[in-house]
Amino acid sequence: MNPFVHTLISPHGFELIPSLDTAKRPGIQRLRSALEKQGKRMTAAKPDLLVVLTPHGLRTTRYTTVTTSTWVRGLAEYDGEEASMECPVAQSFAVGYVEAAEAAGLPLLGVQFATAAGPLSVLPLDWGSMVPLWFMPDVPVVIITPARNLDKASYIRCGELLAEWTVRQKKRVGLIASCDWAHTHHEGGPYGFAKEAVELDQKVRDVLMRGEWEEMADWDSSFVEAAKPDGIPQILMLAGAVSKADRKIIECEYECPTYFGMLVAGLA
């Protein structure tokens, strides 16, 4: 049984935040509508806290990081516009998860800045977290940033432990995997064009809908590097957190309005 009150996969393009959407692309608007719907589902689920798996938080080469500060605070700037957000951290949940991971020998670190607690205990809130949280209920958060080069078993075990910890804490937890996909769809983008981009995004949708999320770990590394997704580690953690029996996706919206693919998907 899925221990999370609602689980979703979210994109994190800046323009999804309404005040940063200067171009008004139809694809962005469709994705935003899908996120708004997921936000309503999350609100209806009445979570005590939200866990976000993001590629853009505090990164290390060998360890997945977990925010254990008192606050996270962020500023997103895009095309001359700004949006800001501040969220309390569910510290006891985060610290307990880190301690459980350390006891299990998993490559996971708790991170904080300046002080252990209080008003000065603040870490940056990245756009990979801020964008999906913009549409979610206002509750404490835990931000988890998977390292990029761990083995499949480590990602999956960290996800399994997250589910186990959620059950042990008897908390109503919402889980968000923040992922964008191939970043090489257009020559004019910062990473140029690669033919692999379209194929990878098609494979992503196929794997997600079939529930065989672990397959992403077995894709050829040169194929993945050419397409440049930033969602695979989060999905592998999600694969550990959500059993195959609970991976039914009932809503899925994919768009590529700029140079990278974005997808919103909600689980039953």
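Within a 6.0 Å radius of OH in Tyr191, no more than 12 heavy atoms belonging to other residues, nucleotides or ligands are found. Taking a 6.0 Å sphere around CG of Asn149, one finds it holds more than 12 heavy atoms contributed by other residues, nucleotides or ligands. Heavy-atom neighbours of Phe223 CZ from other residues, nucleotides or ligands within 6.0 Å: above the threshold of 12.
Closest heavy-atom contact between Thr70 and Gly118: OG1-N, 3.0 Å. Scanning all heavy atoms of the two residues, the minimum distance from Gly211 to Lys244 falls at O-CG, 4.2 Å. Minimum interatomic distance between Ala226 and Ala194 (heavy atoms only, all atoms of both residues): O-CB, 3.4 Å. Shortest non-hydrogen contact noted between Val89 and Pro140 is C-CB, 4.2 Å. Minimum interatomic distance between Val141 and Ile143 (heavy atoms only, all atoms of both residues): CG2-CD1, 4.1 Å. When all heavy atoms of Ile232 and Trp181 are compared, the pair lying nearest together is N-CZ3, 4.0 Å.
Note: Ile9 CD1 to Gln234 CD = 10.0 Å, rounded to the nearest 0.5 Å. Separation of atoms CG (Leu133) and OG (Ser10) is listed at 8.5 Å; rounding is to 0.5 Å. Atom CG of Leu16 is separated from atom CG of Leu31 by 6.0 Å, given to the nearest 0.5 angstrom. Put simply, OG1 on Thr67 and CG on Leu58 are 10.0 Å apart, with the number rounded to the nearest 0.5 Å. Expressed to the nearest 0.5 Å, how far CE of Met237 lies from CG of Leu150 amounts to 9.5 Å. Rounded to the nearest 0.5 angstrom, Asp151 CG and Leu236 CG are separated by 10.0 Å.
Under the 4.0 Å criterion applied to side-chain N and carboxylate O atoms, Arg168 and Glu99 are not assigned as salt-bridge partners.
A donor-acceptor pair under 3.5 Å links the side-chain atoms of Thr64 to the main chain of Ala147, judged by distance alone. Under a 3.5 Å cut-off, the side chain of Trp165 and the backbone N or O of Phe93 do form a donor-acceptor pair. With hydrogens and angles ignored, the 3.5 Å screen pairs no side-chain donor or acceptor of His6 with any backbone N or O of Phe4. Between the side chain of Ser84 and the main chain of Gly74, no donor-acceptor pair closer than 3.5 Å is present. Thr54 places no side-chain N or O within 3.5 Å of a backbone atom of Ser178 that could act as its donor or acceptor partner. Between the side chain of Gln91 and the backbone N or O of Thr68 there is at least one donor-acceptor pair closer than 3.5 Å. The backbone N or O of Pro47 sits nowhere less than 3.5 Å from a side-chain atom of Arg172 that would complete a donor-acceptor pair.
Every residue two or more places apart in sequence or in another chain that forms a side-chain contact (heavy atoms from CB on, under 4.5 Å) with Thr43 is listed here: Pro137. For Arg210, the side-chain contact (heavy atoms from CB on, under 4.5 Å) partners at least two apart in sequence or on another chain are Asp206, Val207, Glu212, Glu215.
Sorted by first and then second residue, the salt bridge (Lys or Arg N to Asp or Glu O under 4.0 Å) pairs with a member in residues 187-205 form an empty list; sequence neighbours excluded. Residue pairs meeting the ring pair (Phe, Tyr, Trp, His ring centres under 6.0 Å) criterion with at least one member in residues 17-69, sequence neighbours excluded, are His12-His56, His56-Trp127. Applying the salt bridge (Lys or Arg N to Asp or Glu O under 4.0 Å) test to residues at least two apart or on different chains, the pairs with a partner in residues 38-65 are Arg41-Glu251. Residue pairs satisfying the salt bridge (Lys or Arg N to Asp or Glu O under 4.0 Å) criterion with at least one member in residues 216-235, sequence neighbours excluded, are listed as follows: Lys152-Asp218, Glu225-Lys228.
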Assess whether side-chain contact (heavy atoms from CB on, under 4.5 Å) is satisfied between Leu238 and Ile235, documenting all intermediate values.
CA-CA 5 Å; Leu238 200 64; Ile235 295 299; 4.2 Å; yes
I would like to know whether Val66 and Leu108 meet side-chain contact (heavy atoms from CB on, under 4.5 Å); could you show each step before the answer?
CA-CA 7 Å; Val66 180; Leu108 193 146; 3.4 Å; yes
Derivation of the side-chain contact (heavy atoms from CB on, under 4.5 Å) call for Gln169 and Glu164
CA-CA 9 Å; Gln169 291 299 291; Glu164 293 165 11; over 6 Å; no
Passes side-chain contact (heavy atoms from CB on, under 4.5 Å), Leu8 versus Met136? Steps please.
CA-CA 11 Å; Leu8 68 129; Met136 299 296 131; 4.2 Å; yes
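No side-chain heavy atom of Leu208 sits less than 4.5 Å from a side-chain heavy atom of Cys252. Proximity of Tyr97 to Cys158: side-chain heavy atoms (C-beta onward) are separated by under 4.5 Å at one or more points.
Cluster annotation: Met262 and Phe193 are assigned to distinct hydrophobic clusters (Ile/Leu/Val/Met/Phe/Trp/Tyr, side-chain heavy-atom contacts under 4.5 Å, transitive). Hydrophobic clustering (side-chain heavy atoms under 4.5 Å, transitive across Ile, Leu, Val, Met, Phe, Trp, Tyr) keeps Val139 apart from Val142. Taking hydrophobic clusters as Ile, Leu, Val, Met, Phe, Trp and Tyr residues chained together by side-chain heavy-atom distances below 4.5 Å, Leu123 does not share a cluster with Trp71. No single ILVMFWY cluster, assembled from side-chain heavy atoms under 4.5 Å apart, contains both Leu267 and Ile156. The cluster map of Ile, Leu, Val, Met, Phe, Trp and Tyr, joined by side-chain heavy atoms under 4.5 Å apart, puts Phe135 and Val51 in different clusters.
Ring centroid separation for the pair Tyr259 and His186 does not come in under the 6.0 Å cut-off.
Of the candidates Ile28, Thr22, Asp21, Asp21 is the only one forming a side chain to side chain contact (heavy atoms under 4.5 Å, CB included) with Lys24.
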